[in-house]
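All values derive from a computational prediction rather than experimental measurement. Per chain, numbering begins at 1; letters A, B, ... match sequence-line order.
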Protein chains: 2
Amino acid sequence: MVLSERKKKILAAVVDEYVRTAEPVGSKAIAAKAGLGCSSATIRNELAELVSLGYLEQPHTSAGRMPTPMGYRMYVNELMEKQRLSLEETEEINRRMNQKLRELDDTISDVSRLASQLTDYPALALTTRTAVTIKRFDIIYVDANTFIIVVMLSDNTVKNKLVKLPVSVDQKLVQRLSALFNSGFTGITEDAVTPLLINSTERAADDTMGVTSVIAAFAIEVLTEAAAPSAYVSGENRLLNQPEFRDPDKAHRLMGYLSGGGYILPPNANMDEAGEIKVLIGPENVAEELKDSSVVIATYDAGDNTRGMIGVVGPTRMDYSAVAAKLSILAAGLSRRLGGGEAPPEGMHNKLIIKGDTGNE
Amino acid sequence: MVLSERKKKILAAVVDEYVRTAEPVGSKAIAAKAGLGCSSATIRNELAELVSLGYLEQPHTSAGRMPTPMGYRMYVNELMEKQRLSLEETEEINRRMNQKLRELDDTISDVSRLASQLTDYPALALTTRTAVTIKRFDIIYVDANTFIIVVMLSDNTVKNKLVKLPVSVDQKLVQRLSALFNSGFTGITEDAVTPLLINSTERAADDTMGVTSVIAAFAIEVLTEAAAPSAYVSGENRLLNQPEFRDPDKAHRLMGYLSGGGYILPPNANMDEAGEIKVLIGPENVAEELKDSSVVIATYDAGDNTRGMIGVVGPTRMDYSAVAAKLSILAAGLSRRLGGGEAPPEGMHNKLIIKGDTGNE
DNA sequence: TGTTGGCACTCTTTTCTTTCGAGTGCTAAT
DNA sequence: ATTAGCACTCGAAAGAAAAGAGTGCCAACA
């Protein structure tokens, strides 16, 4: 069934208005606002049909209409104007992103914070790493009891650890170990770090003091951590700005879920093409806690064939258009910095491809 | 004016009960609970006096009593039983702390999260660093366009950065720079990194490609960041568990303040002796946003003559005793790991020294 | 056939009263 | 100094009434 042009306009008007006010919207308001030249009575008839088609609902018989998840889905897929931020806004966002990223801190978590600030919803950033390996292994000798392990990973991040030993080691041993690890532990994934490998390294280095196992433990730790997807959530408290979360218990439930690094993505979410935006509306979410919230997620290219996601969570009554536009810019910025480099240049407004569930279960 | 023994018992009972129930407590309840052999009428008289002395207040004439900040202060300073956790609880906390700290992540923020979990209040962790200097400077040559800077600071943390250059550098230059930075940039604080120093280093290294300034920029960045006090806040959402924050606006205000890394400490808060616990009750806080909340802070020894703080924020109706005990253990754990090493061993219950404002402005 | 004004009806929200009860303050007795 | 007793206060809860927004539907109209 395809909707008449007028029904579409009305549906869009209901969503727009409801998003703005958080109140069920009545026929009069629509007649006044949407510039279709007909009276509220006509609109009432149309509204009644939209309800029976499942796009709208009423909290009770004598109230206005509000969109159902299906209504939002229609809106997102077909009706909404893909908002493009003005050049100024785009530049403002890029400016703030650059400013953040100049510092040496964790890029991803900073961008998550920024996303939350920009949208005024809680934001989350996820990284899923493909198998990570060690690219380079260095050990810096500091003094007889101290050395620094420096590990460069295949995704070009660098990790280090200062090790203080209860025993003295000589510089020679450290050099030997450095060389051995550099040849033996590079290019392999976590599960290839076997006790066997560690033992043979220990023997080859002629290490009688157990230094090898300390270093190996660090290697395992780094690989494990780097391979684990990580999530950063920020701005949970902004949920309280939304009228649908004025109930502290409800807010607390969702915030708790989010702070726990809650898991948000549908299991089928093989991260899409970078640049795409995914919208999950209400019951389309898999997590029980999100069944009456919506999630908008942008995918970015984290280089090394890896993708990450940055998204926000809010009530289903969400300003999908604005959020999508902002996330798109942030994701593009991240791709530009982390990714292979074929991302569009900063100034360019890239096409907003918004995808969602098909809507049929 | 010193309180009679009985008044003290009654005051303590009021606080205990009010903390437990969050409801004003009546004379009957006290008569039933506190085992002092007298009737509710007698207690009413005493209560009336405690009100006129300023320790208690009534929301309205015919309601029970609740403690004023001054009442809490008295309770914290003199009345409350310094709670000691059972050995099991202590061990449980230490176990969880060890578990957390095994991972290579940021110790401080992890402990902050742990503090929040244990107390069910929002927690914050602060570090204030004394002047930090660079202790050691290494540059690892990766390939013609890439090297890794590794910097070890006076507080024994290690920072690194991967640098990718648009131009090629040869290994010799990198080695020269490494040596020069190691001699010229160690032992100095941020403000000693002058353009002059950078220039002379550049000339000495015979660097025509501006590599020096990249490295110097990193040095400045690291020193700046390390010297800046940092704050980690976690579990803001737990505020919503407290009945006094059922009003979403109130909760939001405070949560926003906290997430902003809000600043909590009285300006005079030269961090005290490690091991001490400080309690700030309601209006004793300087920040306007905290005037009707309380803060409990434990100081830990972060080594290198530096102290940090870990604390929680909650309503004035807070379980001071339990919170203080838990924070004390966490702070001791941190001191043991970060500090000079003269911290008490893990098993030992260390004395709880609870200090607060004197109460007189 | 689609559109419109009109109007009775429904159901929530708000406001006002009433009732209820916990807890007090005071007095008189012990 | 303590206690029992009792009238009184004041908020919270419950109930009743009024207000208002918006609908559904009908009859009239283009």
Side-chain angles (χ1 to χ4, degrees), chain A residues 1-11 13-18 20-68 71 243-244 246-247, chain B residues 3-11 13-18 20-68 71 243-244 246-247:
Chain A
M1 152 104 201
V2 69
L3 294 182
S4 75
E5 218 41 51
R6 191 169 65 187
K7 281 205 181 56
K8 285 186 182 175
K9 274 202 180 133
I10 292 176
L11 176 52
V14 172
V15 175
D16 283 335
E17 194 64 9
Y18 184 67
R20 206 172 58 78
T21 62
E23 300 287 335
V25 354
S27 51
K28 260 196 188 142
I30 296 176
K33 193 195 160 219
L36 17 89
C38 60
S39 79
S40 68
T42 313
I43 296 196
R44 275 205 288 285
N45 292 329
E46 296 282 56
L47 287 174
E49 286 188 62
L50 284 167
V51 168
S52 70
L53 290 171
Y55 293 106
L56 296 177
E57 64 187 339
Q58 303 177 271
H60 54 269
T61 33
S62 70
R65 309 308 209 279
M66 49 204 265
T68 59
E244 27 277 277
R246 293 205 66 80
D247 171 14
Chain B
L3 295 181
S4 73
E5 216 43 48
R6 190 169 64 190
K7 282 204 179 58
K8 285 185 181 174
K9 275 201 180 135
I10 293 176
L11 176 52
V14 172
V15 175
D16 284 335
E17 195 63 10
Y18 183 68
R20 204 172 58 80
T21 62
E23 301 286 338
V25 354
S27 52
K28 259 194 187 146
I30 296 176
K33 193 193 159 224
L36 18 88
C38 60
S39 78
S40 68
T42 312
I43 294 193
R44 275 204 290 284
N45 293 327
E46 296 280 58
L47 287 174
E49 284 188 64
L50 284 167
V51 167
S52 69
L53 289 171
Y55 293 107
L56 296 177
E57 64 186 341
Q58 302 177 273
H60 54 269
T61 34
S62 70
R65 308 309 208 281
M66 49 204 267
T68 60
E244 26 278 277
R246 294 206 66 82
D247 171 15

Could you state the atom-to-atom distance from [atom1] of [X] to [atom2] of [N] in whole Å?
X       : N      : atom1 : atom2 : value
A:Glu46 : D:dC25 : CD    : P     : 16 Å
A:Leu47 : C:dT4  : CG    : P     : 14 Å
B:Glu23 : D:dA12 : CD    : C1'   : 11 Å
B:Glu57 : C:dT24 : CD    : P     : 14 Å
A:Asn45 : D:dT23 : CG    : P     : 11 Å
B:Arg44 : C:dG23 : CZ    : C1'   : 8 Å
A:Leu56 : D:dT23 : CG    : P     : 11 Å
A:Gln58 : D:dA21 : CD    : P     : 17 Å

Checklist outcome for this item: Ranking A:Ala48 and B:Ile43 by the position along DNA chain D of their nearest nucleotide, the one closer to 5' is B:Ile43
Where is the tightest heavy-atom contact between [X] and [Y], given as atom of each residue plus distance?
X       : Y       : answer
B:Ala31 : B:Cys38 : CB-O, 4.1 Å
B:Pro24 : B:Pro59 : CG-CG, 3.9 Å
A:Tyr18 : A:Glu23 : CD1-O, 3.1 Å
A:Leu50 : A:Leu11 : CD1-N, 4.2 Å
A:Thr68 : A:Gly54 : OG1-O, 2.7 Å

Checklist entry - With a non-hydrogen cut-off below 4.0 angstrom, is B:Ala41 in contact with a base, only sugar-phosphate, or nothing? => result base
Next on the checklist: Over all strands shown, is B:Ser27 touching base, sugar-phosphate only, or nothing at heavy-atom distances under 4.0 angstrom?
Outcome noted: sugar-phosphate
Checklist entry - Does the side chain of A:Thr42 get closer than 4.0 angstrom to OP1 or OP2 of C:dT3 through an N or O atom? => result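 So the side-chain polar atoms of A:Thr42 never come under 4.0 Å of the phosphate oxygens OP1 or OP2 of C:dT3.
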Checklist entry - Is any side-chain N or O of A:Thr61 closer than 4.0 Å to OP1 or OP2 of C:dC11? => result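 So the side-chain polar atoms of A:Thr61 do come within 4.0 Å of the phosphate oxygens OP1 or OP2 of C:dC11, strictly under.
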Checklist entry - Can you tell which of D:dG11, D:dT3, D:dG22 lies closest to the side chain of B:His60? => result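 Selected nucleotide: D:dG11.
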Checklist entry - Between C:dT10, C:dT4, C:dT3, which one does the side chain of A:Ser62 approach most closely? => result C:dT10
